[in-house]
Amino acid sequence: MAPRTSSWSIWNNLSSTDYNVKSVDDWIEARQKEDGADDLWRIHDGLYNLEQWIPKHPGGRQWLEITKGTDITELFESYHLNGKAVTAVMHKFYVREAKSPRKSPFTFKPDGFYNVLKSRVAKKLSFVDNSNASVKSMLVVDTYILIALALCVGMAQTQNFVLAFLAGIVLGFGIVASHNFTHLKDNWRMYYVQLCFMSVREWRISHVLSHHIYTNTIQDLEMTLLYPFIHWYPTKDKPFTVRLFPYFTPVIYPFIIPGQLVIRTFKRKNDIADVLMFVIPAILTLCGQMTIISIIIAWLIIVLTSSFIFTFVGFSASHHFPENFHDGDLINTENVDWGLHQIDTSVERSEPINNIFVSMATFGDHTLHHLFPALDHSLIPLLQDTFEDTCKEFGVDLTPKSFTTVLCGQFKQLVRDTPNNPKRNYI
């Protein structure tokens with residue numbers, strides 16, 4: 001019997017797919033109503049009360065505090081390589097079975113692609129001394145941020161606005177690199193993203209809980225929050241501005257991150273970490289004799305430039321290539337292995353320079369990062385051989401595309417309005 005294919009309609013009746021969802025809190029609230037977690041934490045079909053575990057959680061409090069009342073199955077599976085050790089802890093918090101089936105279509109079968117790959121990765125990493133694994137990543141992100149702040153000092157002393165522009169560029173790449181630390185256990189480096197008006201809490205919801213889990217579906221906030229300015233789905237209702245002028249969409253990139261600050265301020269969802277956005281104007285004030293107007297102009301140049309760099313690099317990373325799955329494409333819905341879905345929504349990008357400073361600042365090794373987001377970026381290259389061998393075993397094509405091909409592909413995806421046929425059968 002031929003596999004059943006359909007468009008990704010399984011989410012259509014959920015309010016969290018509505019284009020009216022304009023903030024991460026709207027999305028979380030919808031998830032709490034729809035996931036059948038009953039104010040607990042849902043993993044597969046079991047409900048768990050993790051309240052007592054919050055202060056002991058190795059990854060930090062915030063992950064559990066944000067996800068209370070939602071289905072965290074995919075997050076749980078992708079963030080814990082050692083399943084047996086975690087299961088031994090989780091049984092203590094088991095409450096009961098859920099009353100409703102899972103809304104998510106993703107599977108984690110023992111002999112499925114993702115669990116096979118995960119077991120092999122766990123075995124390989126058991127022979128790796130990763131006690132100092134993050135040292136390289138720390139060096140990379142600290143270097144970018146320190147250079148950006150040094151340029152701010154130079155701007156304050158010389159009042160040369162070119163330095164503000166350069167500071168914005170370096171800060172943008174530094175924020176991309178620091179994204180690595182927003183995936184890890186709570187740490188102070190994750191707050192680097194706050195320098196350009198981003199919010200760690202907001203980013204962890206929109207990027208980690210939404211985009212990383214439900215990549216390129218209508219549950220992916222990085223797809224839906226920008227509607228109608230950006231419309232990645234292959235549908236006939238694309239706004240004419242996107243359809244006719246795809247190469248002009250970057251004009252909104254400088255305003256995306258500041259726009260999120262405006263939204264959370266309007267909704268009164270700011271937290272104490274937002275005060276870190278004043279670090280840059282404080283440097284401009286204390287390290288020179290600039291007027292208030294000059295400080296504001298320089299600050300805006302830095303923030304808007306960093307927002308452009310961050311957004312441009314993000315959209316060019318891997319996901320928005322015309323051959324990738326995007327919600328609305330045809331797909332076999334009988335068994336959607338989560339790992340294969342991650343591969344179907346990413347394109348392998350050939351890296352012209354194999355260097356961690358370049359890789360971390362350009363979202364390099366992107367597919368492997370999506371499959372194992374809890375791993376520090378310095379460990380990702382060690383998994384490439386295991387990844388390629390497992391993909392070959394499962395018949396997965398990993399032919400890389402050049403960076404320029406992927407870069408141009410995002411604009412082709414913006415105008416694509418015809419669904420693709422399934423790339424594979426997910427079995």
Side-chain angles (χ1 to χ4, degrees), residues 59 78-79 121 125 128 130-151 166-196 198 200 203-204 206-208 211-212 215 222 253 257 276 302 305-320 342 346-385 387 400-404 406-407 410:
S78 59
Y79 267 73
V121 165
L125 290 180
V128 175
N130 58 10
S131 57
N132 295 316
S134 61
V135 172
K136 290 182 179 179
S137 300
M138 292 176 184
L139 175 63
V140 170
V141 69
D142 289 350
T143 299
Y144 277 114
I145 298 301
L146 288 175
I147 291 175
L149 296 181
L151 287 168
L166 292 176
I169 293 175
V170 178
L171 179 62
F173 286 122
I175 298 305
V176 174
S178 66
H179 132 271
N180 172 69
F181 294 94
T182 64
H183 280 277
L184 307 181
K185 64 181 180 180
D186 293 349
N187 63 92
W188 64 265
R189 282 183 175 83
M190 68 184 183
Y191 291 105
Y192 279 150
V193 301
Q194 305 270 170
L195 295 175
C196 69
M198 290 178 68
V200 170
W203 172 255
R204 280 182 158 181
S206 66
H207 183 71
V208 182
H211 166 70
H212 259 261
T215 315
E222 292 188 5
Y253 292 179
I257 295 177
L276 292 173
I302 294 168
T305 301
S306 63
S307 176
F308 177 89
I309 293 296
F310 182 88
T311 306
F312 183 79
V313 172
F315 286 165
S316 307
S318 175
H319 299 297
H320 302 304
Q342 293 303 319
S346 300
V347 62
E348 287 295 292
R349 190 181 73 191
S350 56
E351 307 295 344
I353 302 176
N354 186 18
N355 180 278
I356 192 170
F357 276 86
V358 175
S359 178
M360 286 189 65
T362 59
F363 291 114
D365 299 314
H366 207 71
T367 305
L368 265 173
H369 165 62
H370 258 254
L371 290 166
F372 301 102
L375 295 181
D376 184 87
H377 195 88
S378 61
L379 294 173
I380 295 296
L382 303 178
L383 312 179
Q384 190 64 37
D385 290 344
F387 178 48
K401 303 289 193 301
S402 69
F403 181 84
T404 54
V406 177
L407 177 66
Q410 65 177 300

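In this chain, numbering begins with 1 at the start of the sequence shown. No hydrogens, no waters, no symmetry mates; every other heavy atom, side chains included, goes into these values.
Across every non-hydrogen atom of Ser134 and Ser378, the tightest pair is N-OG, 4.2 Å. For Val406 against Ala317, the heavy-atom pair with the smallest separation is CG1-O, 4.1 Å. Pairing each heavy atom of Val208 with each of His212, the nearest pair is O-CB, 3.3 Å. Annotation for Tyr191 and Leu276: closest pair CB-CD1, 3.7 Å, computed over non-hydrogen atoms.
Interatomic distance, SG of Cys196 versus CD1 of Ile302, reported as 11.5 Å (0.5 Å rounding). Annotation: the span from Ile309 atom CD1 to Ile257 atom CD1 amounts to 11.0 Å, rounded to 0.5 Å. Note that the OG1 atom of Thr182 and the CE atom of Met198 stand 7.5 Å from one another [nearest 0.5 Å]. Going from atom CD1 of Ile145 over to atom CG of Leu149 covers 6.5 Å, rounded to the nearest 0.5 Å. The distance from atom OG1 of Thr215 to atom CD of Glu222, rounded to the nearest 0.5 Å, is 9.0 Å. Here the CZ atom belonging to Phe312 is positioned 12.0 Å from the OG1 atom belonging to Thr362, to the nearest 0.5 angstrom.
Counting heavy atoms from C-beta outward, Asp365 and Pro381 have side chains that approach closer than 4.5 Å. Between Gln410 and Ser316, the closest side-chain pair of non-hydrogen atoms falls below 4.5 Å. The shortest side-chain heavy-atom distance between His211 and His370 falls under the 4.5 Å cut-off. You'll find the side chain of Leu383 reaches within 4.5 Å of the side chain of Leu125, heavy atoms only. Residues Gln194 and Val200 are in side-chain contact: their nearest non-hydrogen atoms beyond the backbone lie under 4.5 Å apart. Side-chain contact between Phe387 and Leu371 is present, with heavy atoms from C-beta onward closer than 4.5 Å.
For Lys136, the NZ atom is loosely surrounded, since the number of other residues' heavy atoms within 6.0 Å does not exceed 12.
Checked against Val170 for a side-chain contact (heavy atoms from CB on, under 4.5 Å), the options Ile147, Thr305, Leu146 give a single hit: Ile147. Under the ring pair (Phe, Tyr, Trp, His ring centres under 6.0 Å) rule, Phe315 has a single partner from Phe308, Phe363, Tyr253, which is Tyr253. Each of Glu348, His319, Arg349, Gln342 was compared with His366 under the side-chain hydrogen bond (donor to acceptor under 3.5 Å, both in side chains) criterion, and only His319 meets it.
Annotation: Tyr192 is not in aromatic contact with Tyr144 [ring centroid separation under 6.0 Å not met].
The main-chain N or O of Phe372 is never found under 3.5 Å from a side-chain atom of Ser78 such that the two would form a donor-acceptor pair.
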Using residues 171-181 as the side-chain source, report each donor-acceptor pair under 3.5 Å to any protein atom, sequence neighbours left out, with the distance given to one decimal.
residue: Ser178; atom: OG; partner: Gly174; partner atom: O; Å: 3.3
residue: Ser178; atom: OG; partner: Ile175; partner atom: O; Å: 2.9
residue: His179; atom: NE2; partner: His183; partner atom: NE2; Å: 3.2
residue: His179; atom: NE2; partner: His207; partner atom: NE2; Å: 3.3
residue: His179; atom: NE2; partner: His369; partner atom: NE2; Å: 3.1
residue: Asn180; atom: OD1; partner: His377; partner atom: N; Å: 2.9
residue: Asn180; atom: ND2; partner: Asp376; partner atom: OD1; Å: 3.1

